[in-house]
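A short worksheet on the structure shown next.
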There are 2 protein chains.
Amino acid sequence: MNVSTSEKILDVAESLVVAGGYNGFSYADISDAVGIRKASIHHHFPTKAELVEVLLDRYVQRAVSGLKALGEQVTNPAKQLEAYLGYWQSCILDASQPFCVCAMLASEMQMLPEEVAAHVRAHFRNLAIWVRSVLEAGVEQGLFSLSAPPEQEAEILIASVHGAMLSARALGKPDVFSAIVSPQLARLMTPR
Amino acid sequence: MNVSTSEKILDVAESLVVAGGYNGFSYADISDAVGIRKASIHHHFPTKAELVEVLLDRYVQRAVSGLKALGEQVTNPAKQLEAYLGYWQSCILDASQPFCVCAMLASEMQMLPEEVAAHVRAHFRNLAIWVRSVLEAGVEQGLFSLSAPPEQEAEILIASVHGAMLSARALGKPDVFSAIVSPQLARLMTPR
DNA sequence: AATTACCTACCTATTAGTAGGATGGCATTC
DNA sequence: GAATGCCATCCTACTAATAGGTAGGTAATT
């Protein structure tokens with residue numbers, strides 16, 4: 001319960017970004033949701049760009065440590081991928097966070113302040129590195145059979161995840177997400 | 001050269017939507033690009049929602065007739081898919097239209113006026129139907145071997161395309177698009 | 001005494017949108 | 001064929017609301 005105001009601001013801002021992107025929310029929206037005056041938000045985050053930068057920093061950091069923790073907790077690469085995809089599936093199904101913050105911002109890339117854009121790029125690279133390493137470990141253990149280099153297979157899987165989010169959102173059907181993603185995972189695990 | 005003002009407005013608005021989405025542009029931006037006063041844009045399109053609605057109508061209609069023309073011109077289903085993917089690949093490579101208007105708006109779905117959202121949904125459905133029918137024709141001719149029902153394979157391909165657009169934009173590397181999409185197409189065409 | 005967190009009150013620029021006037025082409029009427 | 005009225009296009013000039021951001025003050029901690 002004892003969560004600081006700046007955390008509350010970041011939480012609200014994050015969900016607003018997920019809903020409508022960088023240009024889809026204002027300090028007034030945050031003000032309403034948090035129950036604090038606009039000027040007070042500026043006290044914590046002088047500019048909108050800085051706010052989103054911190055928000056992204058937190059998001060990317062959380063993703064990194066989340067995936068790292070997953071790696072320590074679950075050793076089977078196949079189960080690791082399942083957990084990653086399952087995470088998003090449940091977020092989308094219960095509508096708690098029906099879109100990746102970075103995927104959202106990626107679509108607005110051309111209009112983002114450079115510092116924000118850099119964070120988005122970093123997330124995409126981090127994610128690709130993680131998926132790639134999981135795929136490589138899985139191949140080594142004979143769990144996956146890839147039809148392309150692991151680097152490329154990683155990009156394909158990531159694109160499928162983001163594309164599936166888009167389709168699910170566009171059609172207003174959360175279950176579309178797993179209909180797209182599950183076969184992609186199954187394909188990797190199919191024994192040759 | 002003799003293109004009407006309202007066409008110019010729609011052209012400019014379309015490229016602005018591609019760049020930054022619904023909330024990423026204003027009548028002032030259009031005004032600057034077209035060389036006409038803001039009020040004159042309101043003469044052609046009373047509200048922003050109506051403007052984007054007409055824009056989307058045009059876009060979706062163009063897509064439908066484009067795909068239909070493709071079907072009449074190219075009979076081989078494999079070549080049809082290649083042409084569809086190649087279209088986007090060249091758009092992204094030469095940066096002429098580095099994103100699908102509907103994919104862009106799909107990410108903002110939650111904040112869109114309902115009429116606009118309906119058009120976006122329609123495009124996703126149309127596209128799925130087209131891809132599905134091409135896949136079915138290809139299977140019948142022994143060109144494709146699907147590992148999931150054609151409906152699902154269509155959704156997968158569409159998600160890959162949109163996800164690939166996102167990744168290419170996020171990373172600032174246009175060639176990422178075909179690195180993701182080509183193997184997906186190859187996979188469908190792989191003989192059993 | 002200084003700092004943190006919040007406030008009221010304000011600022012300027014921009015947003016979508018409106019009111020009403022000027023221009024100019026086109027069809028109807030005389 | 002000239003005068004008529006009409007209507008589409010575009011304009012200047014405005015509006016109210018909202019955008020991101022600032023100035024300066026208060027009250028409680030440190």
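Chain letters run A, B, ... following the sequence lines, proteins first and then strands; every chain starts at 1. Hydrogens, waters and symmetry mates are skipped; everything else that's a heavy atom, side chains included, is used.
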For [X] and [N], give me the distance from atom [atom1] to atom [atom2], rounded to whole Å.
{"X": "A:I9", "N": "C:dA5", "atom1": "CD1", "atom2": "P", "answer": "10 Å"}
{"X": "A:E7", "N": "C:dA5", "atom1": "CD", "atom2": "C1'", "answer": "16 Å"}
{"X": "A:D32", "N": "D:dT18", "atom1": "CG", "atom2": "P", "answer": "10 Å"}
{"X": "A:H42", "N": "D:dG21", "atom1": "NE2", "atom2": "C1'", "answer": "5 Å"}
{"X": "A:F45", "N": "C:dA5", "atom1": "CZ", "atom2": "P", "answer": "11 Å"}
{"X": "A:H44", "N": "D:dG21", "atom1": "NE2", "atom2": "P", "answer": "16 Å"}
{"X": "A:N23", "N": "D:dG20", "atom1": "CG", "atom2": "C1'", "answer": "12 Å"}
{"X": "B:I30", "N": "C:dG17", "atom1": "CD1", "atom2": "C1'", "answer": "13 Å"}

Look at [X] and [N] and indicate whether a side-chain polar atom (N or O) is within less than 4.0 Å of OP1 or OP2.
{"X": "B:T5", "N": "D:dT9", "value": "no"}
{"X": "B:H43", "N": "C:dG17", "value": "no"}
{"X": "A:S40", "N": "C:dA5", "value": "no"}

Do A:H119 and A:Y59 have their ring centres less than 6.0 Å from each other?
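No - the distance between ring centres of A:H119 and A:Y59 does not fall below the 6.0 Å cut-off.
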Of the candidate nucleotides C:dA5, D:dT12, D:dG21, which contains the atom at the shortest distance from the side chain of B:R37?
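Of the options given, the side chain of B:R37 lies nearest D:dT12.
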Okay, side chain of B:S31, backbone of B:I36: is any donor-acceptor separation there less than 3.5 Å?
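Yes.
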Under 3.5 Å donor-acceptor, B:K38 side chain and B:D29 backbone:
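No: the side chain of B:K38 does not pair with the backbone of B:D29.
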Reading DNA chain D from 5' onward, which residue's closest nucleotide shows up sooner: B:I36 or A:A49?
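Counting from the 5' end, the first nearest nucleotide belongs to B:I36.
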Using heavy-atom distances to pick each residue's nearest nucleotide on DNA chain D, tell me which of A:A39 and A:D29 is more 5'.
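Checking each residue's closest nucleotide, the 5'-ward one belongs to A:D29.
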Polar side-chain contact A:K38-D:dG20 base: donor and acceptor under 3.5 Å:
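Under the 3.5 Å cut-off, the side chain and the base do form a donor-acceptor pair.
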Once you apply a heavy-atom cut-off of 4.0 Å, does B:F25 come out as touching a base, just sugar-phosphate, or nothing?
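Touches sugar-phosphate only.
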Under 4.0 Å, heavy atoms only, any strand: does B:S26 hit a base, just the sugar-phosphate, or nothing?
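The answer is sugar-phosphate, as B:S26 gets under 4.0 Å only of primed atoms, P, OP1 or OP2.
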Does any donor atom in the side chain of B:E50 or B:T47 lie under 3.5 Å from an acceptor atom in the other side chain?
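Yes, side-chain donor-acceptor contact under 3.5 Å.
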Can you find a side-chain donor-acceptor pair between A:S182 and A:Q89 that sits under 3.5 Å?
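Not at all, the side chains of A:S182 and A:Q89 share no donor-acceptor pair under 3.5 Å.
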